[in-house]
S.K.: 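After the C-alpha cells below, expect a handful of questions from me.
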Amino acid sequence: MKKLIAYVCMMFFVLTSAAQSQTDESKMNRFVSGLMKKMTLEEKVGQLNQYAGGFATGPNNTRVSRTEDISKGLVGSLLNVSGAANTRKYQEAAMKSRLRIPLIFGLDVIHGFRTGFPLPLAEAASFDLDAIERGSRCAAKEASAAGLHWTFAPMVDISWDARWGRVMEGAGEDPYYGSLVAKARVRGFQGDDLSKENTILSCIKHFAGYGAPAAGKDYNSVDMSMGQFANFYMPPYKAGAEAGAATFMSAFNDFNNEPATGNSFLLKELLKKQWGFKGFVVSDWGSVGEMMNHRYAKDDKEAAYKAIKAGLDMEMESGCYAKTLVSLVKEGKVPVKLVDDAVRRILELKYKLGLFDDPFRYCDEERERTVIGSKESRKEACYVAERSIVLLKNEGSVLPLSPSIKKVALVGALAKSQEDMCGTWSCAEVSKVVTLYEAMKKKGVTVDYHDGYDLKKNQIVNLEQTLAAARQSDVVVMAMGEQAWESGEMRSKGDISISSEQQRLVSELVKTGKPVVVLMMCGRPVIFNEVRRDAPAILCTWWLGSEAGNAICNVLFGDYNPSGKLPMTFPTDYFDIPSSKNFPMVGETKSGKNFDYTNYEEDIWVGYRYFNTVKQSIVYPFGYGLSYTNFSFSKPKIERKNNKWIANIEVTNTGNVSGKEVVQLYISAPETFIQKPDIELKAF
Ligand code: BGC
C-alpha cells in the first residue's frame, strides 16, 4: 500500500511540475515578447554587445565608455568584472536605461573561484564525476556570491596534443569520458534551477574543434573529416547541449576553412537546428573582428554580417555588431528577425536568472563575505585535489612515507610557490593558498627546505648544500615540473620536456642513496625520461589550487591512497605526439607485462611510429594510475538484460591498505561498415 501511495504522489508531482514549467515558459515568453515590442533596434543590438568592464583577456579591447553606454541600454553583458559591490555599480547604471534591462556578468571561472580547485585536466584525472560536479558547484556558489551570473566554462575541447597549452583547461583526450565530464560540470554550475541565486550559467566552449589545431599551435587551422569530428571531437559539445548548458562560445579557429565564429554549419545547422539548442552563442574574445584577420571579412560590417547570419548571438569585445548591425538591418541586408532571435535568447536567460525580478539579487555583500573562502569550500577543494593526484611510479613502496620518517629534505621552489599552486587561469586568492612547504610542516616531521633549482635562470643552485641536506634526511621530496604560466592559452610548446637541468638535479639526489619522491607539477603531459628512470617514486600532482599542499601531503603520508588515472597519454618524446591509441589499455595492465605500443595509431586508419625514433612511443597511457594497494580483477561476466549489455566484474583489493580503483571498460566493435578504433572506453 505504501508503495502505491508513493507511486500516485509521484505521478501527481510529475504532472503538476510539467504543467508548472509550461506556465513558467509561457509566462516568460509573454514577458520577453512584451519587452521586445518596446525595444528600439538600437536597444536590441545593445543586448548583443559584451564588453570587458575590468581587465582584458585579449587584444582589440574596444574602449567605449562603459557606464555611459550601459545607461543608454547599449550593452547586454560585461565580462571580467566581479565582486558584489563592483557589479552593483554597473547594474545601477543599467537601471538608469530606458527599459531597465539588467546586465549579465560573465567571467572565466575555470577551476574554482576565490577558493581554487585543481586544473580541469587534473580534476578529470579523478575519474570521479561526483567530485568534478562538486568542484563546479562550489565555484558557482562562490562566483554567484560575487555578483557573477555566468562562467565561460567548461571547456570541452578534446585534444590529443600535449603541445597545445590549453589542454590544462579540458578533460583530456577521450570523447566518451569528455562527454561525461562536460555534463557533470554543466550540472555543477547550473544545478537544476537557474533562478536559484547560487547557480550560474555555464558555457560550452570552444565550438568547435579548438583542441585540434594543426601541430598543437594555439589558434591554428582545424581541418578534419566529418567522420573524425563526429566520432572524436563532437561528442562532448553535444553532451553539454543535452545537459542543458545555457550558452555556447564559438571558437577562435577556422573549422574546415571557415572561421567557427561565422560558420553557419556549426552554429545554425548543427547546434541550433539539429541539437535544438535554445540558449545563446557568444563569440570568443574579439573573434568576430578576427574574421578580418582570417581574410574572411573585409571590414567590421562584413564580419558582423557573417556572424549574425551564421547564428552568433552575442559578440564579445570586438564591437562589430555595435558599430554596424543597426545599419545592416536598416539597409535590408540583415533581416530584423535574426536580431530578434538573438535578443530573445539573451533576454530569456536573463529572465531565468531572475534578474527582471531583482537585478541586484547576486550583489549581496553579506553573502559574499560568508560564502567565499568558507570552510566548506576549502574542504571541497581538498577533497577534489586529493582525488586528482596520479601515482605514476612506486618502486620498493617508497610511498606512502612511513611513520618512522622524522626528517624530510624538501627540494624545489615550486614547493613554496603559492602562485604556481593555483595553476593558470585561476581566480583563487593567492595569499590563501596552502603550499606544500606549509602543509608538510604540520605533518609532524622536520622539514629541511632547499630551492635546489632556479626556475627563472633554469639552473641548479647550491647543489652541495642541497645534497648535504638530502644525506642528512630520511627521504627527499622534490617538487618539480613546469611553472603554472607555462600552460594555458597561447602556451603551446614544441618541446614539452622538463628541462634537463631540473632532471639532472633529481639524478644527483638519487645518487645520495636516499629514497627520492618526485612530485611532477604540470598543466599538461610532460616528458621527463631521466626522472622516470632514476626516481623510485613519482606522483603527478598537476596544479591543485588553494588546498594543493594539504592534498599532496595527505597522499604522501598515506592519509589518502591515490586513485587518479591519467586523462591524457604521456608520450615518450614530443615528436611522438599524437600518441594516444584510442585508447591504449589493451591487454593486461596489472600483470607487470610491458605495454606494446609499437603499433599505435593516432587516428583510426593511419599512423605508425617514426621508423627512426624509440619503439615505445607512450610512457603512460590514458587511464593509467597506480595505488598504494593492488587489485585483482575477475574475468568479466557479460549478460544481456532489457536490451542492455551488462558486464560484471569482481574487484579484489589484494594489498594491505584500503583503496579505490577505477575499473575501465573498453570495447572493440565487431566488423562494421564504418571505421572504428581498436578499443573504445565505454564505461568506468
Ligand atoms: C579565451 C576564452 C575566454 C575569453 C574571455 C579568450 O581568450 O579563448 O576561452 O572565455 O578569452 O576571457
Side-chain angles (χ1 to χ4, degrees), residues 49-62 75-82 103-113 119-121 136 139 143 146 148-159 164-171 182 185-186 189 200-213 216-222 236-237 240 245-255 259-261 266 279-291 293-294 307 312-319 423-427 485 487-492 523:
N49 297 324
Q50 185 189 52
Y51 298 116
F55 57 93
T57 9
N60 300 343
N61 195 359
T62 49
V75 180
S77 168
L78 288 182
L79 79 152
N80 298 353
V81 190
S82 65
L103 295 166
I104 42 173
F105 299 100
L107 185 78
D108 294 277
V109 181
I110 306 289
H111 46 113
F113 186 56
L119 296 181
L121 186 67
S136 300
L148 292 163
H149 311 123
W150 183 17
T151 175
F152 307 124
M155 184 191 100
V156 305
D157 304 310
I158 292 293
S159 186
W164 186 52
R166 242 180 146 171
V167 295
M168 49 66 54
E169 208 180 320
R185 298 204 69 199
V186 169
F189 288 128
I200 54 177
L201 310 177
S202 66
C203 181
I204 297 292
K205 69 188 191 183
H206 306 82
F207 197 58
Y210 182 48
K217 295 177 184 168
D218 211 1
Y219 316 136
N220 215 351
S221 284
V222 174
Y237 302 117
T247 68
F248 262 61
M249 184 184 288
S250 70
F252 278 130
N253 54 276
D254 62 275
F255 182 83
T261 296
L266 289 174
F280 69 82
V281 182
V282 65
S283 75
D284 202 341
W285 180 283
S287 69
V288 174
E290 281 185 10
M291 288 201 281
N293 305 52
H294 285 262
L312 191 282
D313 303 305
M314 183 182 277
E315 182 186 6
M316 183 190 285
E317 267 297 318
S318 40
T424 190
W425 215 311
S426 162
C427 302
W485 66 265
S487 55
E489 189 173 351
M490 292 179 291
R491 308 295 149 82
S492 292

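The analysis underlying the following values was restricted to heavy atoms, covering all of them including side chains, and did not include hydrogens, waters or symmetry mates. Not measured: the values here are computed from a predicted model. All ligand and atom numbering here is 1-based and tracks the order in the structure.
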S.K.: How does His206 reach ligand 1, by side chain, by backbone, by both or by neither, if only non-hydrogen atoms under 4.0 Å count?
M.R.: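 It is the side chain that gets close, since no backbone atom is under 4.0 Å.
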S.K.: Show the atoms of ligand 1 that are less than 4.0 angstrom away from any heavy atom in Met316.
M.R.: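 Within the 4.0 Å cut-off of Met316, ligand 1 contributes 5 (C).
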S.K.: Classify the ring geometry of Tyr237 against Phe248: parallel below 30°, tilted from 30° to 60°, perpendicular beyond 60°.
M.R.: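 The rings of Tyr237 and Phe248 sit tilted, inter-plane angle from 30° to 60°.
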S.K.: Residue-level breakdown please: for Trp425 versus ligand 1, do any non-hydrogen atoms fall below 4.0 Å on the side chain, on the backbone, on both, or on neither?
M.R.: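 Trp425 to ligand 1: side-chain contact only, backbone stays beyond 4.0 Å.
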S.K.: How about Glu315 and Tyr51: does a side-chain donor come under 3.5 Å of a side-chain acceptor?
M.R.: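 Judged by distance alone, the side chains do not pair up.
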S.K.: Looking only at non-hydrogen atoms, find the nearest pair between Ser250 and Ser287 and report the distance.
M.R.: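 The pair with the smallest heavy-atom distance is OG-OG, 3.8 Å.
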S.K.: Kindly give the heavy-atom pair with the smallest separation between Ser77 and Trp150, and that separation in Å.
M.R.: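 Of all heavy-atom pairs spanning Ser77 and Trp150, the closest is OG-CZ3, 3.6 Å.
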S.K.: If the cut-off is 4.0 Å to any non-hydrogen atom of Asp284, which atoms of ligand 1 fall inside it?
M.R.: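 Atoms satisfying the 4.0 Å criterion: 1 (C), 2 (C), 3 (C), 4 (C), 6 (C), 7 (O), 8 (O), 11 (O).
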S.K.: N/O of Asn80 under 3.5 Å from N/O of ligand 1, yes or no?
M.R.: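 Checking ligand 1 against Asn80, no N or O pair falls under 3.5 Å apart.
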S.K.: How does Met490 reach ligand 1, if at all, at less than 4.0 Å between non-hydrogen atoms: by side chain, backbone, both, or neither?
M.R.: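 None of Met490 does.
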S.K.: Compute the shortest N/O to N/O distance between Trp285 and ligand 1 and return yes if it is under 3.5 Å, no if not.
M.R.: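 No - when backbone and side-chain N and O of Trp285 are compared with those of ligand 1, no distance drops under 3.5 Å.
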S.K.: For residues Trp285 and Phe252, establish whether the separation of their ring centroids is below 6.0 Å.
M.R.: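 Trp285 vs Phe252: aromatic centres not under 6.0 Å.
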S.K.: Out of all atoms in ligand 1, which are within 4.0 Å of some heavy atom of Lys205? Include the element for each.
M.R.: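 Counting from 1, the qualifying ligand atoms are 2 (C), 3 (C), 9 (O), 10 (O).
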S.K.: Against heavy atoms of Phe152, which atoms of ligand 1 measure under 4.0 Å?
M.R.: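 Matching atoms, with element in brackets: 10 (O).
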S.K.: Using only atom types and a distance under 3.5 Å, with no angle test, would you say the side chain of Ser492 pairs donor to acceptor with the backbone of Trp164?
M.R.: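 No; zero donor-acceptor contacts below 3.5 Å.
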S.K.: At less than 4.0 angstrom from any non-hydrogen atom of Met249, what atoms of ligand 1 do you find?
M.R.: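 Those qualifying, in numeric order: 2 (C), 10 (O).
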S.K.: Think Lys205 forms a cation-pi with Trp425, using NZ or CZ under 6.0 Å from the six-ring centre and within 45 degrees of its axis?
M.R.: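 Yes, Lys205 sits over the ring of Trp425.
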